[in-house]
Amino acid sequence: MKRLRVRKDSYYDSVFLMLAARGIKGMDGVDEAVVAMATPMNVELLVDLGFDKAELESLSPNDLVVAVEARDEGVMEAALKEAFDALTRKKQAAAETGLARVGSMASALKLDPAINLAVISVPGAYAAREARKALDAGLHVMLYSDNVSLDDEIALKKLAVSKGLLVMGPDCGTAIVNGKPLCFANVVRRGPIGVVAASGTGLQEVCCLIDRYGSGVSQAIGTGGRDLKNAAVGGMTSLLALSALAQDPATKVLLVVSKPPAPEVAEKVIAALEASGKPAVAHFLGLAPRPDRGNVAFAADLEEAALLAARLALGDDTPERARANIADDSGNDRYNRPRPGAVTATAAAEASRLGAGQKYLRGLYTGGTLCDEAMFIAHKELGGVYSNNQTDPAWVLADPFQSKAHCVVDLGDDAFTSGKPHPMIDPGARAERIAQEGADPELAIMLLDFVLGYGSHPDPVGACLKEIKAARAAAAARGGYLPVVASVTGTEADPQGMAAQIAALEAEGVVVMPSNYRAALLAVEIAKLAQGGAR
Amino acid sequence: MPGLRGCLVAPPPWDARVAGVFSKAIALALPSGILISVVRDEEGMEALALWPGAEAYARIDAAARAGAAGDRARSAAIAAIEAAYAAAEPWDPRPRLAELSRAFAAAGRGGAPAAAADRLRAALRRAEAADRGRRGGADGAGDDGTIRGSGPYGRAFAAMRERDGFPAALVGFGPGTTPAGDDWLAGYLCAADLAGGRGPGGAEAALRNEIVRRLERTTAAGRSLLTGALEGVPPRYLCDLAESLAATEPSAGAAAAVDDEAGGPDAGLIAAVESALSHGASSGRDAVDGFLSGLLGLGATAAA
């Protein structure tokens with residue numbers, strides 16, 4: 001049997017018309033169901049389906065019609081009732097799932113006025129407009145989009161500061177706010193350390209290491225790369241974040257990590273750390289560490305930054321005491337920091353198997369900050385390293401798709417990601433590059449990072465294992481040997497599971513070090529031995 | 001911030017309140033802005049939209065809610081709208097769409113709309129895969145109630161494609177408060193304008209005339225959408241899609257661009273498609289389908 005029911009001059013959102021139709025079509029005994037506006041074309045369709053022509057032709061396009069074909073009277077009435085019930089409870093249904101889809105920021109705010117943070121990931125050309133809307137609505141902003149102009153960034157951050165709101169970004173890929181990981185982020189323990197970072201994988205690395213050292217993170221605020229690097233931006237987000245963390249009773253220790261900052265901005269940040277009165281750690285990649293100053297400890301690498309922050313959080317009341325306790329602990333590896341002797345021994349064992357002509361280090365990175373950390377270490381120790389991230393123009397890799405001598409490549413750079421997903425999401429490009437490097441007889445040591453957590457590929461190690469195996473086999477076929485050294489940035493609670501990822505690497509003979517810093521040290525040591533002909 | 005005024009197309013739900021009544025205009029407060037209908041003469045009426053900024057909007061909306069309470073509140077709403085309108089910057093996407101259309105033609109894409117359609121299809125596959133991943137859905141799940149599925153709408157749509165009068169016959173056809181056929185046509189016209197090189201409102205004159213003739217056959221929301229599209233002012237998400245498609249440099253080989261394993265389209269285009277797909281129950285998806293057909297329709301014409 002077929003029946004129509006009409007609601008004259010009614011407006012319902014399309015989403016709910018569709019939900020109502022789906023709801024009744026799924027009922028046992030309902031053969032067909034259409035919920036539609038009674039336009040002439042829809043009326044024609046319903047007539048073709050056998051519904052009452054006379055009744056339909058009296059309707060206008062602004063009338064809602066529910067048309068049901070059902071097995072019997074009972075099913076028919078239940079279906080018609082369900083259709084109108086579904087329309088009546090329309091907004092409740094969206095709220096119950098917690099995943100309501102809305103067409104605009106205004107609609108989202110109307111749905112839940114308590115929303116106080118917007119994550120914006122639209123093409124850069126439109127991102128500033130959306131960010132401005134969010135700030136105008138009183139929301140903090142995480143601006144994942146890149147290609148936002150410097151002028152827009154400055155204007156947005158000035159507006160945000162005037163409202164006491166954070167603009168994390170642009171090009172900010174990671175943050176942990178109130179325990180919630182945003183975009184690329186790891187599952188780390190909550191705790192007393194507040195992190196502010198102008199470096200994406202730098203933030204991930206220190207948060208994971210802090211977790212491993214037994215402490216935790218109160219908030220981790222990404223700022224976007226230009227926040228500290230560009231004097232005109234002037235660290236507006238970093239300073240506001242530090243001010244908020246200084247006042248946050250749950251934050252006992254402050255940690256700042258940044259790629260090389262503008263000198264005057266670095267001074268402002270240090271002054272803010274000092275003024276906070278809380279124990280603090282700063283690490284500026286690529287800059288020589290300074291002597292500790294008052295409550296502020298200056299770390300030499302990401303691992304030390306995390307370790308100092310963890311020690312301070314665990315009760316060491318001064319940087320001196322934290323350093324002393326770390327030094328005291330170096331003998332028992334409590335923090336999983338291999339002693340220098342162990343690194344040297346591993347390097348010697350690996351290098352001893354190299355073949356003739358194998359001489360170069362090749363780092364293939366998915367994390368930009370991790371790449372920088374390895375590059376700075378290798379550049380200093382090996383007398384020069386080419387990279388697409390080089391700050392020294394003489395050592396900028398002319399063609400990032402082709403390695404040259406000692407070389408560390410950031411595969412997340414725009415040159416590689418234009419039109420493609422970032423290699424942390426899709427490691428395919430890195431797998432190809434591993435295969436390409438594996439064919440080079442001058443390759444002596446391959447250095448890799450694997451970044452776990454939300455946003456990253458579900459199995460970053462598995463996505464590269466075939467190529468790693470092939471590269472090692474190719475070296476063996478040439479009469480040599482290919483050492484592969486890696487670090488895994490992650491925690492056991494991450495969706496990928498850290499232990500399983502490490503085990504998969506080690507099963508292929510990869511040497512997995514406990515931090516990117518340690519991995520870089522070992523790789524450099526092997527490269528030095530290769531250069532010096534230690535084999 | 002200064003507001004915007006121009007041919008903004010408000011996304012649903014259209015939960016409107018009368019915010020002000022002027023001597024020759026009426027203003028409706030919608031969640032996304034103020035819609036002002038200006039009566040110029042007996043036959044001419046112009047629809048303008050205004051986004052006055054959050055603070056001004058809140059004042060106007062509050063006044064509109066209180067409007068029924070008395071003339072004073074209504075007067076306050078009118079005064080607030082007038083002030084916001086005076087301060088707002090004009091917004092009209094047509095000059096930009098005209099630039100994009102010229103750029104599209106100049107870059108040779110006007111002669112190769114099929115390649116552009118391939119890239120858009122690849123972006124659509126990516127965006128839909130990501131959407132399915134987020135929702136845990138299956139491929140094609142839930143399409144039965146749409147013009148793409150195997151249900152009554154889908155069957156009727158397939159039959160209509162084979163008959164004379166397509167695509168004008170789509171006016172008012174299909175599910176949704178803005179019937180799916182109207183969304184499809186808005187996408188079609190936007191793409192035709194882009195790829196045809198004639199700019200907004202310039203392509204498919206005969207089809208446009210036929211749509212005008214049929215406007216009474218759709219809902220009020222559908223008429224509003226189509227009126228904008230006919231004038232070269234599609235919904236903003238279609239403007240963004242056109243921008244992303246025109247802005248994307250064609251890859252060295254079209255085959256590589258459409259091969260997901262080789263990388264596929266750029267992130268900007270995927271994001272624009274994702275944004276389109278988020279509109280309505282199926283409005284954005286229907287409009288993207290129409291957009292694809294608009295590109296290919298012009299391709300067939302050019303080839304002929």
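Below, chain A is the first sequence line, B the second, and so on; all start at residue 1. As the structure is a prediction and not an experimental result, all values here were calculated from the model.
Ion pairing of B:R285 with B:D289 is present here, as a side-chain N (NZ or NE/NH1/NH2) and a carboxylate O approach within less than 4.0 Å. Ion pair B:R121/B:D118 flagged as a salt bridge, since at least one NZ, NE, NH1 or NH2 atom sits closer than 4.0 Å to an Asp/Glu carboxylate oxygen. Looking at B:D286 and B:R148, a side-chain N of the basic residue comes within less than 4.0 Å of a carboxylate O on the acidic one, giving a salt bridge.
When heavy atoms are compared at a cutoff of 4.5 Å, B:S275 does not approach chain A at all. Proximity to chain A is limited to the side chain of B:R155, based on heavy atoms less than 4.5 angstrom apart. Interface remark: B:P152 contributes backbone and side-chain atoms alike to the contact with chain A (heavy atom separation under 4.5 Å). Within the 4.5 angstrom heavy-atom criterion, only backbone atoms of A:V35 (N, CA, C, O) approach chain B.
The closest side-chain donor-acceptor pair between B:D183 and B:S283 falls under 3.5 angstrom.
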